[in-house]
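The block underneath contains the structure these notes are about, expressed in structure tokens.
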Amino acid sequence: MTSAAVRHGGQMLAAGLIDEVAMDVAPVVLGSGKRYFGPVDAQHLLEDPDVVIQGNRVLHLRYRVRR
């Protein structure tokens, strides 16, 4: 994920333009990590995942954005 994608994703989330977030999580322990959406106002939180599918070494998650 590029820094531009993180920056624009956070801006779109803050602007209320995102209804749902889908993530594919493959955990790797290296360094300190990066925030998925960069700095985002706390009022835009994600609900508990609607869909969780466990694959081979990956989790597929889908979240609704709390309004």
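FYI, side chains are in, hydrogens and waters are out, and symmetry mates aren't considered; it's all heavy atoms of this structure.
In this structure, NE2 in H60 is found 9.5 Å from CD in Q54, a value given to the nearest 0.5 Å. Rounding to the nearest 0.5 angstrom, the gap separating the CE atom in M23 from the CG atom in L61 is 7.0 Å.
Residues passing the side chain to side chain donor-acceptor pair (under 3.5 Å) test with E47, sequence neighbours excluded: R66. With sequence neighbours excluded, the residues forming a salt bridge (charged side-chain N to carboxylate O under 4.0 Å, His left out) with D19 are R67, listed by chain and number. Take R62 and apply the side chain to side chain donor-acceptor pair (under 3.5 Å) test, not counting sequence neighbours, and it matches no residue.
Within the 4.5 Å cutoff, the side chain of V52 has heavy atoms near those of the L59 side chain. Contact annotation: the side chain of V25 never approaches that of V58 to less than 4.5 Å [non-hydrogen atoms, C-beta and beyond]. No side-chain heavy atom of E20 sits less than 4.5 Å from a side-chain heavy atom of V65.
Taking hydrophobic clusters as Ile, Leu, Val, Met, Phe, Trp and Tyr residues chained together by side-chain heavy-atom distances below 4.5 Å, I53 does not share a cluster with Y63.
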